[in-house]
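Read through the structure below, which is laid out as structure tokens, and then see the notes.
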Amino acid sequence: LGLEGVTLTLLVNSENEAKASAADLIAYQLESAGLAVQVERLPFEDFTAALAAGTFDLYLGETVLTADFDLAPLLSSAGSLNYGGWTASAADSLLSVLHAAPEEEKPRAAADLFAYLEQQTPIAPLLFKNGSVLTQWGRVSGLDPIRGNVFCHLENWTVS
């Protein structure tokens, strides 16, 4: 890849001990593979500023997707979470097709997008966690899930 003699900068939020430890492990593994990596631990405000400025080679971060699992913020050329500035007109086109597809065509459109991403791989997800509440329509009232706690205010739920 032409990275001999180049030191890669891996950004991580210093305020999150788990992520900082994970960044050290990632750097260790990359160095074991022959790459030079400098972990740059920054307070959250500086971390997000560095992401916005693009002053990094790699970063360890967290993204919470919307309920519709829209990947456009991460993968579109103009995506608000596309900190690496990755651009691919084919990905933009496939994202547009997926968004515009009628419900019965969405699985095929998603498969096309994912097949493309499998070849291009602009991001490397390390963990996927799904915090969802699924129920039959009208079965549960009083649901008030929040990010990070789908059982928020469980005492107010009514099951019918």
Side-chain angles (χ1 to χ4, degrees), residues 1-101 103 105-134 145-152:
L1 297 174
L3 294 175
E4 297 85 16
V6 174
T7 299
L8 301 173
T9 300
L10 170 59
L11 290 183
V12 66
N13 175 4
S14 64
E15 297 171 17
N16 185 310
E17 290 182 35
K19 284 190 182 80
S21 293
D24 289 338
L25 181 58
I26 291 166
Y28 172 79
Q29 291 173 339
L30 291 172
E31 288 171 347
S32 296
L35 298 172
V37 180
Q38 173 189 338
V39 176
E40 190 169 340
R41 293 166 191 78
L42 299 172
F44 184 73
E45 194 171 299
D46 295 339
F47 173 74
T48 56
L51 288 177
T55 55
F56 63 92
D57 299 301
L58 307 164
Y59 77 92
L60 180 61
E62 177 179 354
T63 298
V64 177
L65 297 174
T66 54
D68 61 356
F69 206 72
D70 184 11
L71 296 171
L74 279 172
L75 301 175
S76 71
S77 297
S80 61
L81 300 174
N82 181 359
Y83 298 117
W86 181 68
T87 59
S89 59
D92 290 338
S93 177
L94 290 165
L95 281 163
S96 293
V97 168
L98 177 58
H99 285 150
E103 203 58 40
E105 294 177 24
K106 284 199 184 287
R108 179 74 237 157
D112 291 344
L113 173 63
F114 298 149
Y116 178 78
L117 293 174
E118 188 174 39
Q119 299 301 311
Q120 298 301 313
T121 318
I123 57 175
L126 301 177
L127 171 71
F128 175 79
K129 179 179 160 187
N130 186 358
S132 302
V133 177
L134 304 174
I146 60 171
R147 179 177 157 184
N149 182 2
V150 296
F151 299 109
C152 183

(Q) Keeping Asp57 on the side-chain end and Thr9 on the backbone end, is there a donor-acceptor pair under 3.5 Å? (A) yes
**Q.** Which atom of Ala50 lies closest to which atom of Leu11, heavy atoms considered
**A.** CB-CD1, 3.5 Å
Q: Would you name the heavy atoms of Ala27 and Val37 that are closest together and state the gap between them?
A: CB-CG1, 3.7 Å
Q: Look at the aromatic rings of Tyr59 and Phe56 and report parallel, tilted or perpendicular, splitting at 30° and 60°.
A: perpendicular
(Q) Can you tell me how far apart CZ (Phe44) and CG (Asn16) are? Round to the nearest 0.5 Å. (A) 10.0 Å
Q: Step by step, work out the side chain to side chain contact (heavy atoms under 4.5 Å, CB included) result for Val97 and Asp112.
A: CA-CA 10 Å; Val97 168; Asp112 291 344; over 6 Å; no
Q) Between Ala20 and Arg41, which heavy-atom pair has the shortest distance, and what is it? A) CB-NE, 4.4 Å
Q) CG of Leu42 to OG1 of Thr55: how many Å apart, nearest 0.5 Å? A) 8.0 Å
(Q) If we check side chain to side chain contact (heavy atoms under 4.5 Å, CB included) with Leu30, which of these qualifies: Leu58, Leu25, Leu3? (A) Leu58
Q. Closest approach of Asp92 and Ser77, non-hydrogen atoms and distance?
A. OD2-OG, 2.6 Å
Q.
Quick one: does any side-chain atom of Ser32 pair with a main-chain N or O of Tyr28 as donor and acceptor, under 3.5 Å?
A. yes
Q. Rounded to the nearest 0.5 Å, how far does CG of Leu71 lie from NE2 of His99?
A. 7.5 Å
Q | Nearest-0.5 Å distance that lies between atom CG in Asp46 and atom CD in Glu15 | A | 9.0 Å
Q: Any chance you could measure Leu113, atom CG, to Glu118, atom CD, to the nearest 0.5 Å?
A: 11.5 Å
Q: Work out which heavy atom in Trp86 is nearest to a heavy atom in Leu117; give both atom names and the distance.
A: CH2-CD2, 4.1 Å
(Q) So which atom in Tyr83 and which in Ala52 form the shortest heavy-atom distance, rounded to 0.1 Å? (A) CD2-N, 4.2 Å
Q) Atom OG in Ser21, atom CD1 in Ile26: separation rounded to 0.5 Å? A) 11.0 Å
Q | Side-chain (Ser76) to main-chain (Pro73) donor-acceptor, under 3.5 angstrom | A | no
